[in-house]
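Computed from a predicted structure; not experimentally measured.
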Amino acid sequence: MGGFEDNAFNNPFSGRKSEQVAYFMPYKGHIHNPGMGIISMAISDHMTTGYTPQERAANDRKKPFTLSAKMLEEVTALPYIDNLYIRVGWNDVQKERGRLDLIPEFEMAVEAAKKAGISWGLRIMQASPSNPAEHLIPDFLVDKLSMYPYFDGDFYGPSPKKLPLYTEEYLKYWEEMLVLLGEKYDKTTELEYVDVSGFGLWGEGHHGCHVKPNGPVVDLELDSRERTEEIVANLIHSHQKAFPATPMVLNLVLSEYRAAQQAIQEGCWVRRDSYHHWFQADQAQYGLMKRPDAAMIFETVMPGISMEDNEDPAFRYSYLEMPDRMCDYGAAYGIVGFNPLDTLHADHMVPQLFDAFKNRLGYRLRPSICWKVLQEDGSQSLVLGMVNDGVANPPGIVIFKAESEGEISSVSVEPGTLGGRMALVELPLPENCGDKVVLSMDIVIGQKRRPVRFAAEVRSGQAPYELNICLKH
């Protein structure tokens, strides 16, 4: 029988002399990093309609909610807001064929994010019951596209509203609009993600949840199942064509379609409305099957509104519990509210709502133990005992860099490596390395590379971009 030497272990550090040179404690509190964070919606359809039938009935349609630069300035000034989310209708970004005509609020939100040094994301809706307008189709397409009336009773205000049918003409014009947006924003560093949309209510894939007066549930999937699969595949392809550099986000409602399942396998990010009772187990599983370099986005925590299922008294919980539930699932992002005023209200009235997000959300990378390793040829490397104190993998390729005496060396770590338990990362040191090394890291998300803060405590009042390591004691 063979001994231990016959074992299949492949230990790259066996027989090499190592020496501990540093240890870093975990940082407590919010960390601002790409690919994770707390989101405030900058614009959404709920801004004009309110959240309850009573609010909608009382809302003065002649004076809808108006986004102001002051609101955006106040919400982006909150130290733990990492991302603004823009959720608008098709007619808010285009008025005529071949060009964009963005509403002022859209451009105002993009500028506010850039000024504050945070990222932003977007979704374009082709239909929204919570928008006061009858439809969201640009005027120049009203006579070209077929539309279907759908009903919501009085819950979202005046009914019926209209949903465009998914004809070849519709798909053609939708792709043209996406390409125009992609040409303008895809390579913009601040654009962190874009949602696949254009199908179902709110552009999220919802169908069959709205009723005709005194009638059965309306099935808005008027085409065959095969045709519907083609439509979803077409919309995903158009999105990838328009935004090749920016992560694509897919609502888990769409995971029933094969094209969406394939997109998840290929690395797209996933989104879920929230932890409400309609979050199905199969959707949860598809979300958990995403690739390690894909992020999970949860919406939305509504400050002041408890989640209750009137038919099941057991399913009741406070909105204060929502952040922890989202983190339990592995969320990289959590959204608070449907507009800046919701976020500001939460910050003022229930600041504890943000505690779980600030301490658990996303990835939180730090080198725990650091070793200096000597090679037989006299060269040196730094071995980082990397720990992830967050709940999600970093959604991209992490690049570690060591700088000493003006020289820089680096090593890349593939997605999925930095999560769940300590991972040893070997970083070759520069050839003419001195006694001190400055350690830093970047992340490549999509086709965009940005610096990352370490979740390490260095008594500076914030998580650092750089760590100083002394190789000799």
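Nearest heavy-atom pair, A346 versus P303, reported as atom, atom and distance to 0.1 Å: CB-CB, 3.7 Å.
R87 has no carboxylate O lying under 4.0 Å from a charged side-chain N of D195, or vice versa, which leaves the two without a salt bridge. Classification of R364 and D389 as a salt-bridged pair fails, no side-chain N sitting under 4.0 Å from a carboxylate O. A salt bridge links K172 with E169: the closest approach of a Lys/Arg side-chain nitrogen to an acidic carboxylate oxygen falls below 4.0 angstrom.
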Donor-acceptor pairs under 3.5 Å, side chain of residues 110-120 to any protein atom, not counting sequence neighbours: which ones?
from : atom 1 : to   : atom 2 : distance (Å)
S119 : OG     : D82  : O      : 3.4
S119 : OG     : N83  : ND2    : 2.8
S119 : OG     : E192 : OE2    : 3.4

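Between Y329 and F279, the ring centre distance stays below 6.0 Å.
At a threshold of 4.5 Å between non-hydrogen side-chain atoms, the residues M386 and F400 count as touching. Using a 4.5 Å heavy-atom cutoff, the side chains of D347 and Y80 are in contact. The shortest distance between side-chain heavy atoms of V336 and S40 does not fall below 4.5 Å. Looking at heavy atoms from C-beta onward, L178 lies in side-chain contact with F243 at the 4.5 angstrom threshold. Between N251 and W202, the closest side-chain pair of non-hydrogen atoms is not below 4.5 Å.
In this view, R99 and E96, D101 satisfy the side chain to side chain contact (heavy atoms under 4.5 Å, CB included) rule, not counting sequence neighbours.
Residue pairs that meet the ring-ring contact (aromatic ring centres under 6.0 Å, His included) test with at least one member in residues 438-467, sequence neighbours left out, do not exist here.
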